[in-house]
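A short write-up of the structure that comes next.
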There are 2 protein chains.
Amino acid sequence: MAPQPPKALKPRKTPAQSRSRVTVDAIFEATIQVLLSRGMAGLTTTSVAERAGVSVGTMYQYFPNKQSLVHALNDRFLTALAERVEGTCARMRAQPLAEAAEALIDTYWAVKTERVELTQALYRSVAELDNDALMHAFAARVDRATTAMFREAADLPAHDASRLNLLLTTVIYGAVRNAFERGLDPEEISGLKSDLKAMCRAHLASVGR
Amino acid sequence: MAPQPPKALKPRKTPAQSRSRVTVDAIFEATIQVLLSRGMAGLTTTSVAERAGVSVGTMYQYFPNKQSLVHALNDRFLTALAERVEGTCARMRAQPLAEAAEALIDTYWAVKTERVELTQALYRSVAELDNDALMHAFAARVDRATTAMFREAADLPAHDASRLNLLLTTVIYGAVRNAFERGLDPEEISGLKSDLKAMCRAHLASVGR
DNA sequence: CCCAAATGTGAATGATCCTTCATATAATCG
DNA sequence: CGATTATATGAAGGATCATTCACATTTGGG
């Protein structure tokens, strides 16, 4: 992957009047809808503008290029997700490890369930636009929260916390994503969720004192 | 994701003379190299042809369009992967569950390790070109092999095999993929691998009789 | 009510790139 | 060796799109 000529990703201008705030929101919403209906390949500046009911030029008032639009969308989503995870971690502080792990699974599972297609579309968009930096920043932020949660768990064994964190987060994120990428029926999905919890519990019991 | 006008994905013509077999191989190899060096965005028909040392027209003798080229590449890779997994499953037939699971982990881990960048690039290309059909066919094929392996394990508990298979494969595939997507040092990676094995073992022990 | 700043418009530009086809060269075989 | 088939060439066609910019409209404060 050769380094692309670095493009501006920051918004070009921040809305000042309320009129423009509406516009920017419409653009975001349109981006999501086009992404869902036509996929990343059909996400053209024209299609987004049309759907948003604005002209192409307007888009360029707020986003220097198409890439930055998708970047901003991912940023929004990942920030919301990070906040949710942080909330869970705060709530589960000083709780038993098994409960903490289950809560983490519940949180990710809920986010996925709420917007399966969108999360998948965003995953693809990140891959397509080389927004790895965004993903890594997000991963680091979330890792901080989960590590803290596990470190302060009620029953942390001698086992070190960051190692446990790495295992649990890798397994949980990976499994949740993979679970939804196969086209499973709701039954299988929910069975999988409780089995995943059981698996984490079993492991925690085995490394526990 | 709206259904794209379905494009021909099958090769246009199968090489008859040895000269053309060389050409097709060169095209595949060039595709991999361009994919690795310039990413999916830089994968143009011209760049592939140039790298392969042939003209664009030649490519179109064997592939009806760009999409089919990437499709064929993924097909090749996934078939090889499936064969390897099937090999593992055959070898591990009638072995204890824990051994079977570990062997599966080893197999995926080995494939990933051998060609990290390529597997990641191919993942992206599949997502970008909506080749989900390919992925699902592959998943089904592999599932057949692993389910059989688990079903005939030496120590299968009352627990039904397909449920166990779903959990283990989801966790293993997901975790392996996720493990390599973060930029971990070799130490962390190898630690993660043995922890993942331990986790599977713990779960199997807990559901075991 | 007026004007400077903010916001919106969309045709035109220019670049990229897939794909085709008329033509050329090489292999095969009777 | 001549004819048929296989393979290779690459310039030109044509379509798609991101991006710009000169100009129009709206807003809010003075």
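Given the structure is predicted, the values throughout are model-derived calculations rather than measurements. Just so it is clear: chains get the letters A, B, ... in the order the sequence lines come, proteins before strands, and each one is counted from 1.
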Side chain to side chain contact (heavy atoms under 4.5 Å, CB included) partners for B:Arg19, two or more places apart: B:Gln17
Run the side chain to side chain contact (heavy atoms under 4.5 Å, CB included) test against A:Ala127 and tell me which residues pass, sequence neighbours left out. B:Arg124
Residues forming a side-chain hydrogen bond (donor to acceptor under 3.5 Å, both in side chains) with A:Ser20, sequence neighbours excluded: none
I'd like to check the side chain to side chain contact (heavy atoms under 4.5 Å, CB included) partners of B:Thr44; sequence neighbours left out, ordered by chain and number. B:Thr46, B:Ser47
So, does A:Tyr60 get its side chain near the phosphate of C:dT9, meaning an N or O under 4.0 Å from OP1 or OP2? no
Under 4.0 Å, heavy atom to any atom of DNA chain C: which of residues 47-58 of chain A qualify? A:Val54, A:Ser55, A:Gly57, A:Thr58
Please list, chain by chain and in numerical order, all residues satisfying side chain to side chain contact (heavy atoms under 4.5 Å, CB included) with A:Val116, sequence neighbours excluded. A:Gln120, A:Phe180
Going by salt bridge (charged side-chain N to carboxylate O under 4.0 Å, His left out), name the residues that satisfy it together with B:Arg177, two or more places apart in sequence or in a different chain. A:Glu181, B:Glu181
B/S/- contact track for nucleotides 24-30 of chain C, protein heavy atom under 4.0 Å: --SSS--
I'd like a table of donor-acceptor pairs (distance under 3.5 Å, sequence neighbours excluded) in which one partner is a side-chain atom from residues 138-145 of chain B, with atom names and distances.
| unit_1 | atom_1 | unit_2 | atom_2 | d |
| --- | --- | --- | --- | --- |
| B:Arg141 | NE | B:Glu86 | OE2 | 2.8 |
| B:Arg141 | NH2 | B:Glu86 | OE1 | 3.0 |
| B:Asp143 | OD2 | B:Asn165 | ND2 | 3.3 |

What pairs of donor and acceptor atoms, side-chain ones from residues 75-83 of chain B against any protein atom, are under 3.5 angstrom apart with sequence neighbours left out?
| unit_1 | atom_1 | unit_2 | atom_2 | d |
| --- | --- | --- | --- | --- |
| B:Arg76 | NH2 | B:Asp25 | OD1 | 3.2 |
| B:Thr79 | OG1 | B:Asp75 | O | 2.8 |

Only pairs at least two apart or in different chains count here, so list each salt bridge (Lys or Arg N to Asp or Glu O under 4.0 Å) that has a residue in residues 186-196 of chain A. A:Asp106-A:Lys193, A:Asp195-B:Arg163
Output the residues of residues 20-30 of chain A in contact with DNA chain C, where contact means a heavy atom of the residue under 4.0 Å from an atom of the strand; sort by number or write none. A:Ser20, A:Thr23
